[in-house]
Amino acid sequence: MVVDFEPRPKHQVESELTNKFQYFSAKRQAYEEEAIEDYKLYRGYREAHEDLQDDENTFSSSLHIPYAYEVIDTIRSRVVSSFFDSQPYMDFLPQPEGGDAHQMQVSEEKAKVASALVDMQLDKNNIYQLFYDYITSLLIFPAAIMSVGWRYEEKPIKRRVKMPEILRTPQGVQYTGSWYEQIVESVESIWDDNELSLVDFFDFWPDPRGKDIDDCRGAFQRERLTYEELDQMMRFLYDLDEGVIYDVDIESLLGQSAGIEDGANRRLSEIGKGYEAGDAYMTDGPDRGKNMFEVLHYWEDNRHSILLNRSEVIYDGPSPYWRHRMKPFVVESYEPMPNEFYGMSGVRLINHLQQELNTQRN
């Protein structure tokens with residue numbers, strides 16, 4: 001494998017990633033306000049207000065007519081059903097080889113196996129719910145983002161194992177013929193396969209000058225990882241042995257991400273349902289491993305960097321997807337705009353109709 005990567009000092013990479021993130025974040029601000037407005041309409045949120053009394057002793061109402069939701073739910077149900085209401089989800093067409101009947105039969109069997117394999121991988125990723133959420137994002141936000149990657153995860157597994165009963169005598173080891181059960185714990189791989197994940201609109205920052213994900217020079221994706229998950233990710237990067245893993249005092253960063261808002265809370269706080277900055281798991285006690293960090297992944301076509309709590313770079317190296325050299329995301333808009341990364345959502349197209357309906361009823 002040929003990788004075009006040159007290691008650099010830690011402070012240089014930190015400065016570069018911080019400046020890029022600030023630039024990307026500032027340019028996305030206008031679309032955040034639009035996304036929040038459409039999200040509120042979809043959720044049926046109405047600002048709290050005091051009842052206003054007029055001369056005839058009547059009071060104003062604060063009704064929200066769920067027109068936007070009805071339209072979005074109709075479109076969503078049709079799209080999701082058309083893709084995943086029956087199996088196989090995708091058919092593969094057999095390619096005949098010379099017109100021989102036997103070869104054609106073999107090709108048909110191979111096509112069935114390919115369809116079954118794709119179905120198995122999609123079901124493993126809970127594709128019905130995932131696609132439902134993706135279409136929901138597509139219809140509410142200026143863009144819907146899905147990450148397409150590979151996941152490797154290990155976990156300690158306990159099993160009851162039958163062991164032969166033995167006796168140690170001066171003559172040597174003797175088997176009694178009896179068996180007993182013993183609990184054995186071992187670290188095993190629980191996931192080593194493709195992984196599809198929905199990325200929150202507020203957890204993704206593309207290159208402001210990009211026309212689409214392939215045209216973007218880079219993109220940031222945010223995720224929250226616990227201490228345990230971060231440790232497993234770092235061990236995976238050590239085993240990968242392709243980039244630079246920088247020395248970072250993880251202990252000093254514990255609790256620092258409490259004030260950094262994640263995507264879900266960014267939306268929920270706008271409708272009065274956000275959670276506080278504090279976290280009950282931020283402790284030095286038994287739950288210490290569940291402390292959470294903000295992890296910013298920076299992706300280019302052949303680069304992957306990781307910034308922790310927006311302050312410490314912990315990894316900089318080539319993308320693990322070096323074969324196709326593409327950023328591992330699928331990004332679509334409901335109504336794409338020519339040469340623009342963000343398009344218009346379904347709610348945006350009926351925004352004024354929803355506002356008019358609410359005004360008339362109230």
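- Between the side chain of Glu14 and the main chain of Val313, a donor-acceptor pair closer than 3.5 Å is present.
- Tyr31 has its ring centre no less than 6.0 Å from the ring centre of Phe202.
- In this structure, Lys155 contributes its side chain and Ser189 its backbone to no donor-acceptor pair below 3.5 Å.
- Taken from CG in Leu230 to CD in Glu223, the straight-line distance is 9.5 Å, to the nearest 0.5 Å.
- Without hydrogens or angle criteria, Ser15 side chain to Gln12 main chain gives no donor-acceptor distance under 3.5 Å.
- Screening Trp299, Tyr23, Trp205, Tyr298 for a ring pair (Phe, Tyr, Trp, His ring centres under 6.0 Å) with Phe220, the sole residue that qualifies is Tyr298.
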Does Arg224 form a salt bridge (charged side-chain N to carboxylate O under 4.0 Å, His left out) with Glu294? I'd like the steps, not just the answer.
CA-CA 5 Å; Arg224 289 278 189 165; Glu294 185 201 53; 5.8 Å; no

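- The aromatic rings of Phe204 and Phe329 lie perpendicular to each other, with more than 60° between the two planes, well past the 30° mark.
- Of the possible polar contacts, none joining the Ser107 side chain to the Pro94 backbone as a donor-acceptor pair under 3.5 Å is found.
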Worked check of salt bridge (charged side-chain N to carboxylate O under 4.0 Å, His left out) between Glu195 and Lys124:
CA-CA 9 Å; Glu195 182 182 36; Lys124 189 174 183 179; over 6 Å; no

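- Pairing each heavy atom of Glu34 with each of Pro142, the nearest pair is OE2-CG, 3.8 Å.
- Checking side-chain atoms of Ser81 against main-chain N and O of Ser77 turns up a donor-acceptor pair under 3.5 Å.
- The backbone N or O of Gln87 lies less than 3.5 Å from no partner atom in the side chain of Asp119, so there is not a single donor-acceptor pair.
- A donor-acceptor pair under 3.5 Å is absent between the side-chain atoms of Asn309 and the main chain of Ser311, judged by distance alone.
- Figure legend: cation-pi geometry between Arg28 and Phe201, with NZ or CZ positioned under 6.0 Å from the six-membered ring centre and within 45° of its axis.
- Taking the six-membered ring for Trp and the full ring otherwise, Phe84 and Phe131 have centroids separated by under 6.0 Å.
- Between the side chain of Asn125 and the backbone N or O of Leu196, at least one donor-acceptor pair lies under 3.5 Å.
- For the pair Trp150 and Asn194, the minimum side-chain heavy-atom distance is below 4.5 Å.
- Judged by distance alone, the side chain of Glu181 and the main-chain N or O of Lys162 form no donor-acceptor pair under 3.5 Å.
- Listed for the Asp203 side chain is a donor-acceptor partner under 3.5 Å among the backbone atoms of Gly263.
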How far apart are the C-alpha atoms of Glu32 and Arg266, what are their side-chain angles, what is the distance that settles it, and do they pass the salt bridge (charged side-chain N to carboxylate O under 4.0 Å, His left out) test?
CA-CA 10 Å; Glu32 291 184 22; Arg266 171 72 177 89; 3.5 Å; yes

